[in-house]
Amino acid sequence: MSDDRANNLDVLSRRVNWKSTQMRARVRRRYWADRLFRLSGFSAVVIAGLFLLFLLGNIIQNGISGFMQTSIEIDIAFDPTLLPDPTLPPDQFSAALARADMQRLLRQALMAEFPNVSGRRDIIQLTRMLSSGARAQLRQVILKDPSVIGTTKRVRILASDEVDQVMKGNIDVGVSEENRKLQDKELAWLGRFQQEDRVSLSFHSRFITGGDSREPELVGVRGAITGSALTLLVTLLTAFPVGLAAAIYLEEFAPRNRFTDIIEVNINNLAAVPSIVFGLLGLAFFLGFMGMARSAPLVGGLTLALLTLPTIIISARAAIAAVPGSIRDAARGLGASPMQVAFHHVVPLAMPGIMTGTIIGMARALGESAPLLMIGMVAFIVDVPGGVNDPATVLPVQIYLWADSPERAFIEKTSAAIMVLLFFLISMNGLAIWLRQRFERKW
Amino acid sequence: MIRFVFATVLSVLSLATIVGPVAMPAWSQDNIRIVGSSTVFPFATAAAEEFGNTSPYKTPIVEATGTGGGLKLFCAGIGTNFPDVVNASRRINKTELDVCRANGVTDIVEVKIGFDGIVLAGAKSAPAMQLTLRDLYLALAARVPAPGSAGAPDDLVENPYRRWNEVNPALPDMEISVLGPPPTSGTRDAFNRIVIEGGCRNFAGMRALEQEDPYRFLALCRAVREDGAYVEAGENDNLIVQKIVGNDRAVGVFGYSFLSQNPDILQAYPISEDGVSFLNPTFDLIADGSYPISRSLFLYAKKAHIGVVPGIEEFIREFISERASGDFGYLLDRGLIPLSAEERIASLGLINSLVNLQLN
């Protein structure tokens, strides 16, 4: 001990000879340690980046084809005996059209295309090459232009998901016939369409504008996006004012005592509670006690508000606490009441931080599915919701439901829906960063 | 300026919170609500969509809660907050029916909608296997008769087998690794009941026990080992399919519909009840009941809701109609094994006369 001190003093008092081998070795070691640390930090970033790249690459590789869909051009003879009279008034016409046998129209067109296909089973197989949405497509064509009735027109019709998967190369047609869903004759039919250049793979707007479906070629994310938007709206309208008010009170007005300490501990605790617990709470309170409707974005939004509330309170308190005391003192000095200090000075200055925390909380709510399981939002819902009380589902749930579907084509639809969700998450987090940079004040 | 904007936003938001819920319209949802089995989910959703497209009614809302969870919700009461229909991959049991009755759900219509085969399958590249129920029991039960013993209850030991060829020398030299559903699933229920229990009955000692003390028999013959040979891979059958395709040493347990959608990447293992005739899980063999691991699928509807929530009867009729479950029906494309024509007509009769469920 005393030796050490003597040594240290000795080092301090004498001129250091940086050229000595001992000092050189020490300096080298220090540089090495420095470089090693930087290298390990850098490789940590690289590894994290690689994981992310792999995940994104995998999703994009799988999902990009989910935005595309195969169609086949078919000459449809719009047989006037099967279709309503186009001279009828529009409402009667559309009602009669809804009852018309479109399946027969399709069958006739395909049988004209392949005159040597006969037998009930083969004809059914032939029509199964087209999507079951084809009937609705034909109805649309006629509704748009009733004058097609009585003529023959080439219409682009969605192919079934299996034909689509073959076109995208996701089903190996090289294996023997009993090992694949599409049989040889179906491939031969498809081959003929291909030879005549009537099969096309193109951007599928229905994926963005349609609701859910059991047919992979007919699914769309609009129902889920609308559901997510309505749910988040409810969450924002509930969690933001309540969270902000709680934060202002706790930070600016509440006395420091045991009671507020307990509240603080509880809020921090709540932020770490698994989200499914909030789902159980929502089930018991909103559905059980309040008797609200199952599967509604209103209930989902309120449940997610419980989940985001702690995040908002914590970030809002941090932002308020970061406003320097001098601002408050100056305002008080000029005669502002405590409430005026808070609302005229502290909160506006803390707003960028509060907004950032809120948006990050919202982004978390957007990605949640577990609590919604409990309140019935994990459901097959075809119609796009029109209000907060309509049955709805949300994007992460839609992804979960598609990932669970047996049809092969849902794999790409799942990845495509993940891309849509990531787009919204990136936009929200980007907005949070932009807000911070735009309005943040350095003291 | 900014201050003003923030103040306005804040006051509007707080106002909206207070006024918002009050201004919401009263709850009015007239969709049929269906809950229940995740095995029936792919069929129920397909029927629901078709029903929504072709009938004047709204598309029913279908939730996959599992059979047990669905029956619990279904039996919780009568009224628009409770589901109208529940799908089940097994029959409702006495306890559940009692809960239903206690909550006022007294009149229930039961409709059998079809069958599901439980498949054991591996990747195309995996070695071929032929499995008997006895093999599966020895490979997967928690406690099995000690090798060489007659299988009396006292001969049971912790499952010592690690490789398939230890269970049966005819099987490949491959580690036992089976991916299957967790205990909450109806598929697992049926798997334990048919495979593990069925294999257990191969031993004379256990058969004797079943006569003497059926409860002890069940306790000994339904437990699946928990030492890593049987992996609970979650309720998501698709995930099990993807996992076994990625690992050709693993065997997956899932519903037939997943096999029918992936015939190019999966090979199903033939199963035998008696060790003599091995049967592949094909459509026809499951439909005629000869494939050993199959079960019936049901649909239950509340009579009190029929006529209140529009379209329930019509929806059930759609489910077992010719175009849905007939010979070329769209549900068959999804992997449903339908009822025979006679059974279908009998089921339609039940719906028409709304016969009450009686358990005996």
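We use all heavy atoms of the structure for the numbers below, so side chains are in, but hydrogens, waters and symmetry mates are not. Letters go in sequence order (proteins before strands), and every chain restarts at 1.
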Requested in this report: Check whether Leu401(A) gets within reach of chain B through its side chain, its backbone, both or neither, counting any heavy atom under 4.5 Å.
Outcome: side chain
Query raised in the report: CD of Glu215(A) to CZ of Arg334(B): how many Å apart, nearest 0.5 Å?
Result: 4.0 Å
Report summary line: Heavy-atom nearest pair, Glu49(B) first then Val382(A), reads CG-CG2, 4.4 Å
Query raised in the report: In Å, rounded to the nearest 0.5 Å, how long is the span from CZ of Phe380(A) to CD1 of Ile34(B)?
Result: 10.0 Å
**Report entry** Rounded distance [0.5 Å steps], CG in Leu283(A) versus CG in Leu73(B)
**Finding:** 8.0 Å
Query raised in the report: Is any side-chain heavy atom of Asn81(B) less than 4.5 Å from a side-chain heavy atom of Met292(A)?
Result: no
Query - For Pro42(B) against Arg214(A), the heavy-atom pair lying closest together - result: O-NE, 3.1 Å
**Report entry** Segment of Asn53(B) engaging chain A (4.5 angstrom heavy-atom cut-off)
**Finding:** neither
Query raised in the report: Are Glu63(B) and Arg294(A) ion-paired here, with the side-chain N under 4.0 Å from a carboxylate O?
Result: yes
Query raised in the report: What part of Ala46(B) is in contact with chain A, defined as an atom under 4.5 angstrom from a non-hydrogen atom: side chain, backbone, both or neither?
Result: both
Requested in this report: Sort Pro60(B) into side chain, backbone, both or neither according to what part of it lies under 4.5 angstrom from a heavy atom of chain A.
Outcome: backbone
Requested in this report: Could you tell me which portion of Ser213(A) (side chain, backbone, both or neither) has an atom closer than 4.5 angstrom to a non-hydrogen atom of chain B?
Outcome: both
Report task. Answer yes or no: are there more than 12 heavy-atom neighbours, outside Lys124(B) itself, under 6.0 Å from its atom NZ? Result -> yes
Query - Residue, of Leu239(B), Val241(B), Asp333(B), Thr65(B), that accumulates the most heavy atom pairs under 4.5 Å with chain A - result: Asp333(B)
Query raised in the report: More than 12 foreign heavy atoms under 6.0 Å from CZ of Arg104(A): is that the case here?
Result: no
Query raised in the report: When rounded to the nearest 0.5 angstrom, what is the spacing between CZ in Phe82(B) and CG in Leu287(A)?
Result: 10.0 Å
Query raised in the report: Backbone N or O of Asn262(B) within a donor-acceptor pair of the Arg408(A) side chain at under 3.5 Å?
Result: no
Query raised in the report: Is it the side chain or the backbone of Gln267(B) that comes within 4.5 Å of chain A heavy atoms, both, or neither?
Result: neither
Query raised in the report: Is any side-chain N of the basic residue among Lys58(B) and Asp383(A) closer than 4.0 Å to the acidic one's carboxylate O?
Result: no
Query raised in the report: With a 4.5 angstrom heavy-atom cut-off, which part of Leu266(B) approaches chain A: side chain, backbone, both or neither?
Result: neither
